[in-house]
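Worth knowing before you read on, the calculation uses all heavy atoms, side chains too, and leaves out hydrogens, waters and symmetry mates. Lettering of chains follows the sequences in order, A, B, ..., and the numbering in each one begins at 1. Not measured: the values here are computed from a predicted model.
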Amino acid sequence: MASVVPLKDKKLLEVKLGELPSWILMRDFSPSGIVGAFRRGYYRHYNKDINVKKGSIAGLTVVLACYVVFNYTFSYKELKHER
Amino acid sequence: MNQNLFTSFNIPVILGIPLAVLIIMFPTMLIIPPKNLINNRLSSIQQWLVKLTLKQMMTSHTPKGRTWSLMLLSLITFIALNNILGLTPYAFTPTTQLSMNLGMAIPLWAATVLMGLRFKTKSSLAHFLPQGTPIPLIPMLIIIETISLVIQPVALAVRLTANITAGHLLMHLLGDTALTLMSIYLSSSTITIIIIILLITLELGVALIQAYVFTLLVGLYLHDNS
């Protein structure tokens, strides 16, 4: 069945798995595109998890968990020796 | 073993770009300026904390000293958030680097001294001689007071660096000990309890922020008001 909406405008969750490489290649990788992507991601997290009436601690914990993973990936090289 | 212990204090570098800049800017993403009258829970908690610290710090100052409130409040928030975020696993704490603490301490201390010297020259110079000293002691006492004034920024910076670094180092050491003691079953449980208690007391690293800001305040206060 042919897609009704063109591939470029679909959001990530609506892209089928076979179309994923071409979707990634079509994204905007200029500096302003990357900044726009970060801004959209930040505001989506903020509005969905934190800016609600009864936000819980899970909204903040996600940020901290991402911070931990981020730091782990950048210190992986030194930690490799400790095996 | 020496090299393994201190590698957690290395500045993380990716492709030659020091990543420390990003990590220093990370706490700003957690502070959200309040938009409405009644905000979400996180903003309300932050507002309440800001009000609490502001009242605590600034009521003992004259209106001229209170022009520093934004500076001091952002200082305490910055140091507190950096220290707390450094307690998460694998994190890099920028306040362990002496360079950054000196960069914070020296300009602020110099500003208080210069402000005192400019606006209240006589009374700030009078701090060098406490009241009622016997006359033969005066030359020595002036030298001592000058030294104690000049050592203030160094003390501020080194105090912060040493406390945070020592705490992190101790946690690393105890963690390694607990790991290697797993084969000997009984000691490991007591060691891990000690680690947990140490982590909780290390969250008195936040108290260290208070110490930083308060000693800064003391200098400001004394130079500003007599």
* **Distance (rounded to the nearest 0.5 Å) between B/T88 OG1 and A/Y72 OH** => 15.0 Å
* Rounded to the nearest 0.5 Å, what separation is found between the CG atom of B/L85 and the CG atom of A/N71? -> 9.5 Å
* Asked: Should we count CD1 of B/I31 as having more than 12 external heavy atoms under 6.0 Å?
  -> yes
* Asked: Should B/I23 and A/Y67 count as side-chain neighbours, where that means a heavy-atom distance under 4.5 Å?
  -> yes
* Could you tell me the separation between the CZ atom of B/F26 and the CZ atom of A/F70, rounded to the nearest 0.5 Å? => 9.0 Å
